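Here the structure is a predicted model, which means the values were calculated and not measured.
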Amino acid sequence: MLTVGRRRTARLAAAALASGLLAMGTVAGAGSAVADGGAAPAAGGPLATLGALGHYETATIHDGNGSKQVPAVLLDLSVKDGGKLSAYCIDINRETDTGAAYQETAWNQSVLAANPDAGKVEWVLQNAYPKVDDLTQLGNEAGVKGLSQLDAEAGTQVAIWTYSDHVNVTADNANAEKLAKYLIAAAAQQNASEPGPSLTVAPAVVSGKSGSKLGPVTVHTNGSSAQVSLSSTAPAGVKLVDSSGKPVTTATDGEQLYVDVPAGTAAGSTTVQVQSTTTVPVGRAFNGTLRGAEAQTLILAGSSASTVSSAATATWAMQGPIPAVAASVDCAKSGVDLTSTNAGDQPFTYTVGGKQYTVAPGKSQTVLVPETEGKTYSIAVTGSNGFSKTFTGLLNCKVTGSGGAVASPTTSASAAPAPSAASGGTNLAETGSSSATPVIAGVAVLLVVVGGGTVFFLRKRKAGSVG
């Protein structure tokens, strides 16, 4: 359930709020593991901040405990380095608030990991609002006359919840409910594929001896190319090169990069920095953290041109154990996988969770660290030659309190429609205002301080009514 503040009652107010949120800083997403004090090399794509909630329609969850009303709305996010995103919720009973930070992640590191209907959620996104932003077209397909933007948002969200949470939920607005039923029935016959990442690199860490090329680090992006470089603290002589050994400043999808370390270079490390401006694919999952607490998972519905980035760490030495340790959320096993590789000439011994492990030269090892669903984690790794690294994050792998049967996929449509052609542009909707929804000022908002953070609780408000 959302506990975010209302989105803009005026454009200037929203702009001021977004600026303030970005100034507060952000935290890494649940699907990533963050090394001590540095970048999040396992993460990729945009880091975005959730904006305030504005006009919305509502939906009702029906379960054995009665019913609960929630807002059904398209959410706005601001990308840290530039750009705008819009997204729907795919975790109806988990809370979040304005200012929560979100990181793009793969489905297998999110609440979609074990969901057999994840492909149906993707199909809805590709064939509903805002991907299809012609409301007349969408209304005609669903048999709805006078479909408004808020109707479209609510109907799309309810259809998504039906397959993401397997919850019995209905839209409170008649037009929105009719659209939702149409989309639910149509999606039942579909199974769309997970979209690729906007930008990521793999592996997140590499290591090797001085006098060799460390890697490869492979770039994966949906953009035409990405800017690549080493951090400014890289030692003199250390270069970023391609597979032929030529220095590079750009890379395309699938291109392999290497860190060329001259012989005799003292033990050290550097960061491979990758950045691109692109549109994030519709259907990418976004895990969130809320000042160290849980936050509902979102799924992308639209993107402007946004600045996305990723990074990998390269470590070298002349002799001894030369470890590379990375962490990634393993939703299938409810924990975090720690993968340790030893590129040195001596064994690498390390300790995690009170247990000791040894990786032989030229070998690698993966250890699962069990963690608690919905909780933050901090995994400290210590090892040979003073090695020390801590990985932190949040395990959000399961939807909470599904509470009820899947809504019945019945509709007047006799068959699934053909996928609708999206209109031109960025697919990012201007949510919260339309010709059918006047801007209403002076909305009262109840501010409640919880755990040092301000949470905005929602009251029901229908489109065009005074709250």
Side-chain angles (χ1 to χ4, degrees), residues 26-47 103-110 196-208 213-221 226-231 233-234 238 240 251 253-259 261 268-276 284-287 289 308-316 322-331 335-343 348 350 352 359 363-369 371 377-381 383 387-395:
T26 50
V27 285
S32 63
V34 185
D36 292 326
L47 186 64
Q103 178 77 56
E104 179 186 349
T105 191
W107 286 3
N108 65 6
Q109 293 187 333
S110 76
S198 60
L199 178 67
T200 189
V201 294
V205 290
V206 293
S207 63
K213 294 182 178 64
L214 282 52
V217 172
T218 305
V219 175
H220 300 283
T221 180
Q227 302 297 313
V228 297
S229 63
L230 295 181
S231 60
T233 57
V238 176
L240 185 62
D253 181 50
E255 188 164 352
Q256 296 184 327
L257 307 176
Y258 297 80
V259 177
V261 182
S269 66
T270 190
T271 301
V272 179
Q273 301 169 329
V274 186
Q275 189 175 85
S276 179
R284 291 297 289 175
F286 276 73
N287 280 337
T289 59
V308 296
S309 59
S310 189
T313 300
T315 304
W316 62 86
I322 311 176
V325 183
S328 62
V329 167
D330 189 336
C331 283
V336 177
D337 285 326
L338 288 182
T339 301
S340 304
T341 301
N342 182 9
F348 170 59
Y350 66 99
V352 59
V359 184
K363 302 295 183 179
S364 65
Q365 179 185 71
T366 298
V367 174
L368 176 70
V369 180
E371 295 294 341
Y377 60 82
S378 180
I379 303 171
V381 183
F387 180 91
S388 178
K389 201 169 189 179
T390 300
F391 299 95
T392 61
L394 173 67
L395 199 70

Closest non-hydrogen contact found for Thr218 with Gly254 is CG2-O, 3.8 Å
Between Val259 and Thr270, the two heavy atoms sitting closest are CG1-CG2, 4.1 Å
Verify, without hydrogens or angle tests, whether Gln103 (side chain) and Gly44 (backbone) share a donor-acceptor contact under 3.5 angstrom.
yes
Does Thr221 offer a backbone N or O that forms a donor-acceptor pair with the side chain of Asp253 under 3.5 Å? yes
Correct closest heavy-atom pair for Ser198 and Gly45 would be OG-CA, 3.4 Å
dist Trp316:CH2 -> Ser269:OG (nearest 0.5 Å) comes out at 6.0 Å
Sorted by chain and residue number, the ring pair (Phe, Tyr, Trp, His ring centres under 6.0 Å) partners of Tyr258 (sequence neighbours excluded) come out as none
When every non-hydrogen atom of Leu240 is compared with those of Ser229, the smallest separation belongs to CD2-N, 3.7 Å
Between the CD1 atom in Ile322 and the CZ atom in Phe387, the distance rounded to the nearest 0.5 Å is 12.5 Å
Using modelled atom types and a 3.5 Å cut-off, is there a donor and acceptor pairing between side-chain atoms of Glu104 and backbone atoms of Arg284?
no
Only one of Thr200, Val272, Val219 passes side-chain contact (heavy atoms from CB on, under 4.5 Å) with Ser310, and that residue is Thr200
Criterion side-chain contact (heavy atoms from CB on, under 4.5 Å) on Thr341 and Phe348, from CA distance to verdict:
CA-CA 9 Å; Thr341 301; Phe348 170 59; over 6 Å; no
message: With heavy-atom distances below 4.5 Å as the criterion, would you say the side chains of Leu214 and Val261 are in contact?
response: yes
Quick check: does any side chain N or O of Gln109 sit under 3.5 Å from a backbone N or O of Val329, one acting as donor and the other as acceptor?
yes
Main-chain N/O of Ser231 paired with Thr271 side-chain donor or acceptor, under 3.5 Å: no
Closest non-hydrogen atoms of Val238 and Leu230, given as atom of the first, atom of the second and distance, are O-CD1, 3.7 Å
Thr366 backbone acceptor or donor facing Asp337 side chain under 3.5 Å: no
Heavy-atom nearest pair, Gly215 first then Val206, reads CA-CG1, 4.0 Å
Across all chains, not counting sequence neighbours, the side chain to side chain contact (heavy atoms under 4.5 Å, CB included) partners of Ser378 are Thr390, Thr392
For Glu371, the side chain to side chain contact (heavy atoms under 4.5 Å, CB included) test, sequence neighbours excluded, returns Val336, Val369, Tyr377, Ile379, Leu395
Discussion item. The test is side-chain contact (heavy atoms from CB on, under 4.5 Å); show your working for Lys389 and Tyr350 and say whether it passes.
Written reply: CA-CA 11 Å; Lys389 201 169 189 179; Tyr350 66 99; over 6 Å; no
